[in-house]
Amino acid sequence: MRRAVMIRSVGGPEVLEIVELPTDCEPSSEEVLVDMRAIGVNRADVAFRSGKYLIQPEPPCGLGIEGSGVIRAVGSGVDRFKVGQRVSILPGFPQGGAYATYASRAIFPASSLIEAPAELDDTNAAAIWISSLTAWGAMIELGRLGAGDFVLISAASSSVGLAAIRIANAVGAVPIVTTRSAAKAEALTMAGAAHVVISGDGFAREVQEITGNTGLRIVLDPIAGRFIEALVPCMAEEGIMFVYGGLSDEPTNFDRKAMIGKGASLTGYMLGQILRRPDRLARGEAFVRKCLADGSLSPHIDRIFPFEDVVEAHRYMESNEQIGKILLTV
């Protein structure tokens, strides 16, 4: 029996439905059939399901862009992978299209697969790539973050935020993190944050005090809205704000005079900028594998749900209680 999660209509977690599909499915040219072992639950999944993503669902449709599994069959033209190989699935395809990871067995384009790290089990192999490559791509590949640089990581208890903390430390940068929950401060410090700032009135002044005359070299932010506006005075000369989400529904405004005076920039960012460039992806993969090998980077899993509890997994994601990755296991 092959099962998959389907979105029947746009809405809350309750619109997710597990359905049975025909068991016989064969990969076409340049495709691979994977028996799924673990599935990453991402903010992008929640936003897509609720109609708040960059693209809109066209129900009925599947869901999911991240996971791990074992190759069951390969199509013609696939030379890189073989049957029985452990792989991780990267988001090399759009949400809600022909490919989706919320399934017990599924077909994917071979170009969206990457060899699972030998040192990680199936759950960790599903949790490592999106968070690590997202953080690496903005901070290191595009932002050139280096030793001694101050980087501010907002919504830091997310899987991307936690990966960003460890990557910043790996290159000798100084990670300043923000969170709305004082209860998460200790966990963020244990994860490697040099400074934890509780977001709210006056948080930007605290950031300025931490950085002194140096300012923030990089901001990695999935919130936008007024949060970005408050950080403009905290930026270093030619600092870069990377916005990779929109958790705030407020418009994003900023003082252009302050931005111009500092030569600072505000740029949109998404993981696709890394995945669509083979040279960038190769550098990111090499960085992640090196950090896994030396212990400076590892996935941080908060909670694992069985596949059948996908609705509860989405409710938990929306509760904002998690610190790290949420996964489904098949």
Side-chain angles (χ1 to χ4, degrees), residues 2-13 15-69 71-78 80-81 87-114 126-127 129-131 133-134 137 160 244-246 268-278 280-281 307 310-311 313-314 317 326-328 330:
R2 187 162 64 97
R3 297 170 297 161
V5 173
M6 301 294 291
I7 299 175
R8 294 299 186 185
S9 62
V10 175
V15 304
L16 300 175
E17 179 183 350
I18 297 177
V19 300
E20 295 185 14
L21 300 174
T23 56
D24 54 335
C25 57
E26 294 296 330
S28 299
S29 175
E30 305 296 336
E31 291 182 332
V32 174
L33 178 64
V34 177
D35 284 331
M36 299 298 295
R37 294 291 185 263
I39 300 157
V41 178
N42 290 286
R43 286 282 178 189
D45 307 344
V46 172
F48 181 74
R49 184 212 73 220
S50 57
K52 297 179 180 179
Y53 194 54
L54 298 173
I55 56 177
Q56 294 298 304
E58 295 183 6
C61 62
L63 181 67
I65 52 175
E66 179 183 37
S68 69
I71 293 178
R72 187 180 184 89
V74 298
S76 61
V78 178
R80 182 181 173 187
F81 301 104
V87 292
S88 300
I89 296 98
L90 300 177
F93 46 87
Q95 282 274 22
Y99 308 105
T101 58
Y102 281 40
S104 60
R105 182 182 301 160
I107 290 174
F108 301 101
S111 59
S112 70
L113 303 184
I114 192 168
W129 291 109
I130 284 186
S131 56
L133 289 175
T134 298
V160 173
Y244 68 99
Y269 168 73
M270 61 189 307
L271 180 55
Q273 292 170 242
I274 305 303
L275 300 182
R276 289 191 293 267
R277 288 272 300 270
R280 288 176 174 174
L281 178 56
F307 186 75
V310 60
V311 170
H314 271 233
M317 170 69 80
I326 300 171
L327 294 171
L328 302 172
V330 181

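Residue indices begin at 1 and follow the sequence shown. Predicted model only: the values in this text are computed from it and were never measured. These values consider heavy atoms only, across backbone and side chains, with no hydrogens, waters or symmetry-generated copies.
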Check against side chain to side chain contact (heavy atoms under 4.5 Å, CB included), Phe93 and Leu275: CA-CA 10 Å; Phe93 46 87; Leu275 300 182; over 6 Å; no
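- Side-chain atoms of Arg2 come within 3.5 Å of backbone atoms of Pro22 as a donor-acceptor pair (strictly under, hydrogens ignored).
- When every heavy atom of Val74 is checked against every heavy atom of Pro27, the shortest pair comes out as C-CG, 3.7 Å.
- Rounded to the nearest 0.5 angstrom, Arg8 CZ and Leu16 CG are separated by 11.5 Å.
- Counting only distance, with no hydrogens or angles, the side chain of Arg49 and the backbone of Gly11 share a donor-acceptor pair below 3.5 Å.
- Closest heavy-atom contact between Ala126 and Ile39: CB-N, 4.4 Å.
- A heavy-atom distance below 4.5 Å is found between the side chains of Leu328 and Val41.
- Using a distance-only test at 3.5 Å, with no hydrogens or angles considered, no donor-acceptor pair links the side chain of Thr134 to the main chain of Leu271.
- For the pair Cys25 and Ile107, the tightest heavy-atom approach, listed with the atom from each and the gap, is CB-CD1, 4.2 Å.
- Checking side-chain atoms of Glu66 against main-chain N and O of Ile89 turns up no donor-acceptor pair under 3.5 Å.
- Looking only at side-chain heavy atoms (C-beta outward), Leu54 and Met270 come within less than 4.5 Å of each other.
- Val87 has its side chain out of reach of Arg80: every pair of non-hydrogen atoms, C-beta onward, lies at least 4.5 Å apart.
- Under the 4.5 Å side-chain criterion, counting only non-hydrogen atoms from C-beta, His314 is in contact with Leu63.
- Using a distance-only test at 3.5 Å, with no hydrogens or angles considered, a donor-acceptor pair links the side chain of Thr101 to the main chain of Ile65.
- Considering every non-hydrogen atom in both Asp35 and Arg72, the closest pair reads OD2-NH1, 3.1 Å.
- For the pair Asp45 and Gln95, the tightest heavy-atom approach, listed with the atom from each and the gap, is OD1-NE2, 2.6 Å.
- Distance check, rounded to the nearest 0.5 Å: CG of Asn42 to CZ of Phe48 gives 13.5 Å.
- One distance of note links CZ of Arg37 with OG of Ser68; it measures 8.5 Å at 0.5 Å rounding.
- The two atoms that bring Met6 and Val19 nearest to each other are CG-CG2, 3.4 Å, heavy atoms only.
- The CG atom of Leu113 sits 7.5 Å away from the CG atom of Leu90 when rounded to the nearest 0.5 Å.
- Between Leu281 and Leu133, the closest side-chain pair of non-hydrogen atoms falls below 4.5 Å.
- Residues Val34 and Met36 meet the side-chain proximity criterion, which asks for heavy atoms closer than 4.5 Å.
- Arg280 places no side-chain N or O within donor-acceptor distance of the main-chain N or O of Gly137, the cut-off being under 3.5 Å.
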